[in-house]
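One is the number of the first residue; the rest follow in order along the sequence. Values below: every heavy atom of this structure, side chains too, minus hydrogens, waters and symmetry copies.
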Amino acid sequence: MVALVIAAHGEMAPALLASAEMIAGPSEDVRAVTFSKSEGPDDLLKKYEDASKELGSDVLFLVDLFGGSPFNAAARFAAAHPGTDVVTGVNLPMLIEVLMSRAVLTDVPALVQQARTSGTAGVRTFSDMNTTSASDAGDDEL
């Protein structure tokens with residue numbers, strides 16, 4: 001099974017994991033990594049290395065922001081570790097879908113695609129779902 005590391009600024013990663021587990025149930029081989037103001041990229045890299053030692057060689061990082069410290073450290077880690085990749089823009093729909101898909105999608109590239117698809121599909125607006133076109137409204141008038 002592909003292991004997951006969720007990493008973000010502040011306490012977002014543990015909160016996101018707790019929310020996902022509230023909906024999808026507990027998960028194995030998942031770590032939430034925080035990044036605080038007092039830490040630097042090398043601190044994150046050390047946390048990633050420690051997590052990888054516990055989790056195994058195939059790791060997918062789900063991080064908050066492209067170009068942020070959690071991403072930059074994960075990219076450095078992935079560059080040195082085959083079987084590892086990084087997806088930015090982690091959100092709750094993405095995390096739930098990836099957690100639930102790991103049983104059938106057993107390699108990192110397949111999970112990366114699942115993360116991209118579900119993360120994007122999870123972004124919706126009420127107004128787009130609830131608008132009635134002008135022509136539809138005219139059909140109801142007598």
Side-chain angles (χ1 to χ4, degrees), residues 1-140:
M1 181 180 298
V2 174
L4 297 178
V5 173
I6 306 150
H9 293 81
E11 296 297 319
M12 180 180 162
L16 195 58
L17 179 57
S19 295
E21 288 184 334
M22 183 174 125
I23 296 165
S27 296
E28 295 180 9
D29 299 326
V30 181
R31 297 293 179 275
V33 174
T34 59
F35 178 59
S36 67
K37 291 181 193 180
S38 64
E39 295 177 314
D42 290 335
D43 297 309
L44 276 172
L45 194 55
K46 172 79 167 95
K47 289 179 182 184
Y48 295 164
E49 289 168 356
D50 292 345
S52 177
K53 287 176 187 170
E54 293 176 29
L55 297 171
S57 60
D58 290 344
V59 179
L60 177 58
F61 286 86
L62 301 176
V63 302
D64 56 357
L65 297 170
F66 179 79
S69 293
F71 168 80
N72 292 339
R76 282 175 52 196
F77 183 90
H81 296 84
T84 302
D85 206 344
V86 185
V87 177
T88 65
V90 64
N91 58 37
L92 190 56
M94 176 194 294
L95 180 55
I96 290 169
E97 195 65 35
V98 169
L99 287 170
M100 295 174 64
S101 298
R102 291 187 307 153
V104 292
L105 301 177
T106 59
D107 62 36
V108 171
L111 279 174
V112 165
Q113 186 57 43
Q114 183 64 47
R116 291 175 65 156
T117 301
S118 58
T120 302
V123 178
R124 300 174 143 202
T125 65
F126 175 75
S127 60
D128 284 346
M129 297 181 329
N130 206 27
T131 53
T132 305
S133 71
S135 63
D136 291 341
D139 292 342
D140 292 341

Side-chain donor-acceptor contacts of residues 119-126 below 3.5 Å, not counting sequence neighbours, with atom names and distances?
unit_1, atom_1, unit_2, atom_2, d
Thr120, OG1, Arg116, O, 2.9
Thr125, OG1, Asp128, N, 3.2
Thr125, OG1, Asp128, OD2, 3.0

All N/O donor-acceptor pairs, side-chain side in residues 70-83, below 3.5 Å, sequence neighbours left out:
unit_1, atom_1, unit_2, atom_2, d
Asn72, ND2, Gly67, O, 3.0
Asn72, ND2, Gly68, O, 3.4
Arg76, NH1, Asp42, OD1, 3.4
Arg76, NH2, Asp42, OD1, 3.3
His81, ND1, Phe77, O, 2.7

When the side chains of residues 21-31 are checked against the rest of the protein, which donor-acceptor pairs come out under 3.5 Å, sequence neighbours left out?
unit_1, atom_1, unit_2, atom_2, d
Glu21, OE2, Ser27, N, 3.1
Arg31, NE, Glu54, OE1, 3.0
Arg31, NH2, Glu54, OE1, 2.9

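Under the ring pair (Phe, Tyr, Trp, His ring centres under 6.0 Å) criterion, no residue pair touches residues 90-111, with sequence neighbours excluded. The list of ring pair (Phe, Tyr, Trp, His ring centres under 6.0 Å) pairs with a residue in residues 22-41, not counting sequence neighbours, reads His9-Phe35.
Separation of atoms CG (Leu111) and CE (Met1) is listed at 9.5 Å; rounding is to 0.5 Å. Rounding to the nearest 0.5 Å places CG of Leu95 at 9.0 Å from OG of Ser19.
Checking Thr84, Asp58, Val59 one by one against Val108, the side-chain contact (heavy atoms from CB on, under 4.5 Å) holds for a single residue, Asp58.
Scanning both residues, Thr34 and Lys47, for their nearest heavy atoms gives O-NZ, 2.9 Å. Minimum interatomic distance between Ala20 and Leu99 (heavy atoms only, all atoms of both residues): CB-CD1, 3.8 Å. Heavy-atom minimum distance, Arg102 versus Val2: NH1-O, 2.8 Å. Nearest approach of Leu4 to Leu55, heavy atoms of both residues: O-CD1, 3.9 Å.
In this structure the side chain of Leu16 reaches within 4.5 angstrom of the side chain of Leu92, judged on heavy atoms. At a threshold of 4.5 Å between non-hydrogen side-chain atoms, the residues Met94 and Val87 count as touching.
Contacts of Glu49 classified as side-chain hydrogen bond (donor to acceptor under 3.5 Å, both in side chains), with partners at least two apart in sequence or in another chain: none.
Atom CE of Met12 is surrounded by more than 12 heavy atoms from other residues, nucleotides or ligands within 6.0 Å.
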